[in-house]
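Heavy-atom basis, side chains included; hydrogens, waters and symmetry copies ignored. Each chain gets a letter, A, B and so on, in the order the sequences are listed, and its residues count up from 1.
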Number of protein chains: 2
Amino acid sequence: MDRFVAKLRSRQALTETDENLLREAGWINRRYARHEVIVRAGQRLDHAHLLLSGFTARAQEDTAGNRQIVGIGVAGDMLDVHGVILGKLEQDIIALSPCEVATITHSKFKELTRLSAEIQKTFWMQAAIEHSIMAAWIQALGSKRGTSKIAHLFCEMQLRLALVGIATQMGFPMPLSQQEMADYAGMTHVHLNRCLKELREADLVTFASGWAKVLDFDGLKRLARFDEAYLNLRLIED
Amino acid sequence: MDRFVAKLRSRQALTETDENLLREAGWINRRYARHEVIVRAGQRLDHAHLLLSGFTARAQEDTAGNRQIVGIGVAGDMLDVHGVILGKLEQDIIALSPCEVATITHSKFKELTRLSAEIQKTFWMQAAIEHSIMAAWIQALGSKRGTSKIAHLFCEMQLRLALVGIATQMGFPMPLSQQEMADYAGMTHVHLNRCLKELREADLVTFASGWAKVLDFDGLKRLARFDEAYLNLRLIED
DNA sequence: GGCGCGACTTTACAAATGTTAAGAACAGCT
DNA sequence: AGCTGTTCTTAACATTTGTAAAGTCGCGCC
């Protein structure tokens with residue numbers, strides 16, 4: 001919970017009253033094991049989910065049953081802001097690692113947004129940033145070839161995880177299998193493996209047994225043609 | 001304006017009071033020519049934009065200057081809901097055809113959401129559906145090869161344009177050049193042309209001089225492995 | 001310590017897509 | 001109607017990515 005509040009604070013000033021409102025909102029914590037489904041697509045939703053620790057995937061199946069990961073959630077992310085409006089999600093939310101999740105009822109969620117305009121803004125800012133991340137990923141999928149795409153992914157993870165204090169000098173956890181990473185990058189696991197090898201041999205990144213470390217962030221950014229502005233890492237004035 | 005209200009009504013019941021609030025909110029209309037920039041990325045925003053007629057692209061450049069289209073707006077779409085929160089957009093919004101746009105100040109926009117919970121919900125529902133569309137497009141870019149991707153695009157356009165009464169028995173306008181379509185689909189215009197040829201020769205779609213017609217919607221859906229649930233075309237209960 | 005299973009890696013080959021270039025069709029203008 | 005620039009179409013060839021298969025590695029379990 002504190003990590004979440006800290007993350008919010010990094011983008012937007014919150015009053016002490018608001019922070020307390022958030023903390024005391026009656027969150028209920030749950031744990032999920034790797035591969036467990038946290039929210040099922042189409043299922044009627046009456047709770048919102050906040051990821052406290054771990055990694056999640058937002059996965060979507062087409063009519064032939066192929067799974068595509070369309071987004072990755074990290075600690076501090078609200079997993080289903082849009083579910084509050086639509087009453088359901090179009091995608092499954094799946095635990096990629098053991099996860100701690102804090103849930104809150106939609107009615108309590110809506111009450112919070114009614115009580116404080118700042119809190120409401122905070123939630124929708126999460127949605128706006130998720131939108132930016134998806135737009136950047138569409139750009140990556142559409143205009144970058146294999147290795148650059150994966151470089152983009154590492155750049156983004158480095159920054160998103162640093163924001164919540166998870167990425168450090170030692171690198172960061174990245175508990176996706178190569179198959180899962182390939183499902184996100186829209187390539188086969190064979191080709192993903194080729195791309196990882198390239199990054200490794202260029203001394204840009206190490207990635208093994210669920211742990212990643214960026215060795216040369218500038219080089220990685222150059223390869224990915226990466227511009228971090230879309231992550232809105234600084235305070236957002238208004 | 002009426003088209004917009006009609007579109008909202010198709011997804012959510014609005015009271016007459018709410019409809020009037022919307023209509024009388026002090027919209028200012030503007031016209032843009034093809035290729036004009038409606039909103040520039042990074043620019044400080046104090047108005048929200050509603051597209052009354054025409055087509056827009058949401059385009060993003062990487063650090064090497066390559067343009068990628070990350071979304072397409074059609075009549076009845078709010079173009080920059082997230083701009084109200086962030087005060088700017090991460091992408092340019094560009095007119096793909098002559099466009100009529102209704103603008104409203106952010107402060108008036110926020111006032112509307114304060115006055116009516118239904119109107120607020122309506123705006124955020126737009127954002128939620130845009131999110132679904134982007135997720136579906138990430139899936140298409142990641143897991144469908146050339147021809148299926150383009151088939152997906154035609155399926156989606158057919159349904160989105162039918163919702164606002166633009167797609168009819170006669171087909172629908174689709175004023176993207178092949179280059180622009182390729183920029184959205186993440187392929188070269190040469191390859192896009194190959195894919196269009198395939199769709200044409202399979203008697204699924206005709207597409208020429210800015211006009212498209214779906215000849216065999218079921219066949220197209222099958223090829224694209226398309227499931228329209230994500231567009232939330234029916235009323236959304238709560 | 002050996003077994004079994006899943007994840008990672010590599011290879012050879014096939015298919016999809018990009019690159020470059022050129023000609024055809026078309027639209028706007030005079 | 002003729003000129004001019006853009007968009008569309010096609011071709012030949014290069015590169016990237018997928019497919020199938022097999023070998024390696026690591027790790028939990030007996």
Side-chain angles (χ1 to χ4, degrees), chain A residues 33-35 55 57 62 64 66-69 96-98 139-153 173-202 205-212 223-225, chain B residues 33-35 55 57 62 64 66-69 96-98 139-153 173-202 205-212 223-225:
Chain A
R34 176 166 160 79
H35 293 154
F55 288 73
D62 65 23
N66 306 308
R67 281 220 152 162
Q68 166 80 26
I69 294 179
L96 291 174
S97 70
Q139 179 182 38
L141 288 173
S143 74
K144 297 171 189 172
R145 357 240 72 263
T147 312
S148 300
K149 258 191 293 197
I150 306 306
H152 176 105
L153 178 56
M174 181 94 171
L176 287 79
S177 72
Q178 291 192 9
Q179 179 61 64
E180 286 160 344
M181 211 155 147
D183 284 348
Y184 185 47
M187 56 176 79
T188 58
H189 68 108
V190 175
H191 193 52
L192 177 86
N193 188 274
R194 279 193 276 249
C195 295
L196 285 176
K197 189 179 175 188
E198 260 194 71
L199 291 176
R200 207 183 313 128
E201 289 180 349
V205 171
T206 60
F207 174 58
S209 42
W211 193 267
L223 178 59
R225 307 194 300 281
Chain B
R34 176 168 160 79
H35 293 154
F55 288 74
D62 65 23
N66 306 308
R67 279 221 152 161
Q68 166 80 27
I69 294 179
L96 291 173
S97 69
Q139 179 180 40
L141 288 173
S143 74
K144 296 171 190 173
R145 355 241 73 261
T147 312
S148 300
K149 259 193 291 197
I150 307 305
H152 176 106
L153 178 56
M174 180 92 171
L176 287 80
S177 72
Q178 290 191 11
Q179 178 62 63
E180 287 160 343
M181 211 154 144
D183 284 347
Y184 185 48
M187 56 176 79
T188 59
H189 68 107
V190 175
H191 192 53
L192 176 85
N193 188 274
R194 279 192 276 248
C195 295
L196 284 176
K197 189 179 175 188
E198 260 194 72
L199 291 176
R200 206 184 312 128
E201 288 180 349
V205 171
T206 60
F207 173 59
S209 42
W211 194 267
L223 177 58
R225 308 195 298 280

| query | Do the side chains of B:Leu199 and B:Leu223 get nearer than 4.5 Å, heavy atoms only? | reply | yes

| field | Gap between atoms CG and P, on B:Leu96 and D:dT7 respectively (whole Å) | value | 13 Å

| Can you name the one residue among B:Lys144, B:Arg225, B:Gln139 that meets side chain to side chain donor-acceptor pair (under 3.5 Å) with B:His152? | B:Lys144

| message | Using every non-hydrogen atom in the two residues, find where B:Ser143 and A:Asp62 come nearest and quote the distance to one decimal. | response | OG-OD2, 4.3 Å

| said: Show the nearest heavy-atom pair for residues A:Pro173 and A:Phe55, with the distance to one decimal. | reply: O-CZ, 3.3 Å

| Axial bend angle, the helix from C:dG1-D:dC30 to C:dT30-D:dA1: five-pair end segments, nearest 10° | 40°

| query | Ion pair present between A:Arg145 and A:Glu198, side-chain N to carboxylate O less than 4.0 angstrom? | reply | no

| task | Return the minimal non-hydrogen interatomic distance between A:Arg34 and A:Ser177, and the atom names on each side. | result | NH2-CB, 4.2 Å

| field | Trace of the side chain to side chain contact (heavy atoms under 4.5 Å, CB included) decision for A:Lys149 with A:Cys195 | value | CA-CA 9 Å; A:Lys149 258 191 293 197; A:Cys195 295; over 6 Å; no

| Whole-Å distance separating the CG atom of A:Asp183 from the C1' atom of D:dG18 | 14 Å

| request: Starting at atom CE of A:Met187, determine the distance to atom C1' of D:dT15, rounded to an integer number of angstrom. | output: 15 Å

| task | For A:Ser177, answer base if it contacts any base atom (sugar-phosphate contacts may also be present), sugar-phosphate if it contacts only those atoms, and nothing otherwise; contact means non-hydrogen atoms under 4.0 Å. | result | sugar-phosphate

| field | Atom-pair distance (CG on B:Leu199; P on D:dC8), nearest Å | value | 15 Å

| task | Measure the distance from NE2 on A:His191 to P on D:dT19 and round it to the nearest whole Å. | result | 12 Å

Identify all pairs in which a protein N or O lies below 3.5 Å from an N or O of nucleotides 11-14 of chain D, and state each distance.
none

| task | Look at all strands and tell whether A:Gly186 reaches a base, only sugar-phosphate, or nothing, counting heavy atoms closer than 4.0 Å. | result | sugar-phosphate

| Contact nearer the 5' end of DNA chain D, comparing A:Ser209 with A:Lys149 | A:Lys149

| task | Write down the atom of A:Leu196, the atom of A:Phe207, and the distance for their closest heavy-atom approach. | result | CD1-CD2, 3.8 Å

| Can you find a pair of side-chain heavy atoms, one from A:Val205 and one from A:Met174, that are under 4.5 Å apart? | no

| task | Could you check A:Arg145 against A:Gln178 and say which one's nearest nucleotide on DNA chain C is further toward the 5' end? | result | A:Gln178

| field | Contact summary for B:Ser148 and B:Ala224, nearest pair of heavy atoms | value | O-CB, 3.7 Å

| Reading DNA chain C 5' to 3', which nucleotide is the first, and which the last, to come under 4.0 Å of any heavy atom in chain A? | C:dC8 to C:dG18

| Length of the line joining B:Met181:CE and D:dT9:P, which is rounded to integer Å | 11 Å

| If every non-hydrogen atom of A:Gly146 is compared with every non-hydrogen atom of A:Met187, which pair is closest and at what distance? | CA-CE, 3.7 Å

| field | Euclidean distance, atom CG of residue B:Leu196 to atom P of D:dC8 [Å, nearest integer] | value | 9 Å

| Using a cut-off of less than 4.0 Å, is there contact between a side-chain N or O of B:Asn193 and OP1 or OP2 of D:dT9? | yes

| Between A:Glu180 and A:Ile69, is a side chain to side chain contact (heavy atoms under 4.5 Å, CB included) present by the stated rule, with each step listed? | CA-CA 8 Å; A:Glu180 286 160 344; A:Ile69 294 179; 4.3 Å; yes

| Residue closer to the 5' end of DNA chain C, B:Cys195 versus B:His189 (nearest nucleotide) | B:Cys195

